[in-house]
Amino acid sequence: MTLSSTAALPAAIAAPGYDRQRLKPRIVHLGFGAFFRAHQAIYAERLAKDHASDWGYGVISMHNGQQKIADIQRQDLLYTVAEMDDSGWRGQVVGIIRQALHLQVDGLEAVLEAMAQPEVAIVSLTISEKGYCYHPASGQLLAEHPDIQHDIAHPQRPKSAPGLLLAALRLRRERGLPAFAVMSCDNMPANGQVTRNLLCQLAQRQDAELAAWVQQHVAFPSTMVDRIVPAMTAETLRQIEGLLGGIVDPVAVACEPFSQWVIEDNFPQGRPAWEKVGAELVHDVLPYEEMKLRMLNGSHSFLAYLGYLAGYAHISDCMQDAHFVRAARHLMLAEQAPTLQVSGVDLTQYAESLLARYRNGALKHRTGQIAMDGTQKLPQRLLDAIRWHLAQGSDFSCLALGVAAWMRYVGGQDEQGQVIEINDPLRERLAERVGNSREGAERVLALLQLETVFGRDLPDSLRFVKAVTDAYLALLAQGARATVAALPVIENTSEAR
Ligand code: CS2
């Protein structure tokens, strides 16, 4: 049985229950991944259900995900979201998608046409950090990226996401249509600002007039997005099949109950009334983004690298080790919280709520998944806070251990001598640096020379180099579990702040 109709759904599964024909694809979303399906789509679904909203989605995948687009097309653009925690599962079928396209299958014309429809007011993105083709340390366009090189030479046949956005904006301009707002929903600080800079830099190299038009007419609201949505496994798919009474849904996603969305209110062509369904519309998102990126994503990466090395397959497994829990709490409260500017949030409570979310044993969030793409994640998750501590002269031992654990991880061998499959857009450069350096302090120095990750300032800081080297040597000598256990952490969190 497939999901093409909601008639056969068990009563416990919530179905759209509203007139889907009423929806217009007023938002086009690039990147039809699990995170979008469990996060932004759910806000639109609630609006359609409870507030008669007509904001539907057109979704586009550019590179991967052909199968997912084919699957959802086959099931009348419906899919399932299952919220899971230790108390059980709650499932719903989502009807908010009105169109689904794949660049490689449906072709560029169809994709551009979808983005150039007059009713499209917003194009949102979950393309992951690497999809922006930028230097993570500086936020500048990665001009040497092959797709960017291609898009500079062939603006009409884009391969990169920034190139596709520009081609669609060019078409709207030619047709005399207003620009859509471009809304990044990826985990980068000032994600709107970063996206604006990248588009303007690329447009400058293609067509200066278009660059000026983008500067003047395109809004780039920033957002902070939060929901833990692990990659699907065969086991979770089977569990959802059980929940659906035997209906197989290959597009289904499983996620935690928690969800948060903070959005900069900057949409010249209008926007859904997201505030009616729990999103926070604010003037300045950056303090929230930094809070989430450093406390949640920073501790996630810390747990992912150290946990993987220690033999913990999932984040919830790390939470079974009291030393890992203490270290994560210390990282959040003693080393990340002091660097933040957010006001009106109790950070001690925030840290405890994150640890509680990490304990969710129903979510099988793999440390190996979070460990992916470290070169794109380290700057905003660990290194920005380290710069703050270097300027203050304060301690950052946990942050330094996180960086050292990433180095140990990209070394490509775990503590049992097993090969680690490195998944990172800079994989070859990492392998070259690892291969050409001797294990130990020399390896640390070789990896610190990656300017696109560490900039020029960090490798020049003796304090930073020493802290990371000491942590790396401790990992080599004692292993991850003992190194985490030996961290001088503050037990009482109220002392930490
Ligand atoms: C995780 C994030 O994979 C990762 O890097 O840290 O996907 C994290 O689960 C989300 O940002 C939570 O909102």
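Just follow the structure's listing: the first ligand is 1, and inside any ligand the first atom is 1.
Annotation: side chain of Glu280 is not in contact with side chain of Ile263 (no heavy-atom distance under 4.5 Å). Residues Val218 and Val182 meet the side-chain proximity criterion, which asks for heavy atoms closer than 4.5 Å. Using a 4.5 Å heavy-atom cutoff, the side chains of His323 and Arg481 are not in contact.
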- prompt: Does the side chain to side chain donor-acceptor pair (under 3.5 Å) test come out yes or no for His314 and Asp317, once each step is laid out?
  reply: CA-CA 5 Å; His314 305 105; Asp317 301 330; 3.1 Å; yes
query: Where do His29 and Thr126 land on the side chain to side chain donor-acceptor pair (under 3.5 Å) test, with the steps shown first?
result: CA-CA 8 Å; His29 185 81; Thr126 51; 2.7 Å; yes
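Paired with Leu103 under the rule side-chain contact (heavy atoms from CB on, under 4.5 Å), one option of Met62, Lys159, Gln66 passes, and it is Met62.
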Please tabulate protein-ligand N/O pairs under 3.5 Å for ligand 1, atom names and distances to 0.1 Å.
from	atom 1	to	atom 2	distance (Å)
ligand 1	5 (O)	Lys377	NZ	2.9
ligand 1	5 (O)	Arg381	NH1	3.1
ligand 1	5 (O)	Arg381	NH2	2.9
ligand 1	6 (O)	Asn297	ND2	3.1
ligand 1	6 (O)	His300	ND1	2.8
ligand 1	6 (O)	Arg381	NH1	3.2
ligand 1	11 (O)	Asn187	ND2	2.9
ligand 1	11 (O)	Lys292	NZ	2.7
ligand 1	11 (O)	Asn297	ND2	3.0
ligand 1	13 (O)	Asp226	OD1	2.6
ligand 1	13 (O)	Arg227	N	3.0
ligand 1	13 (O)	Arg227	O	3.4
ligand 1	13 (O)	Lys292	NZ	3.1

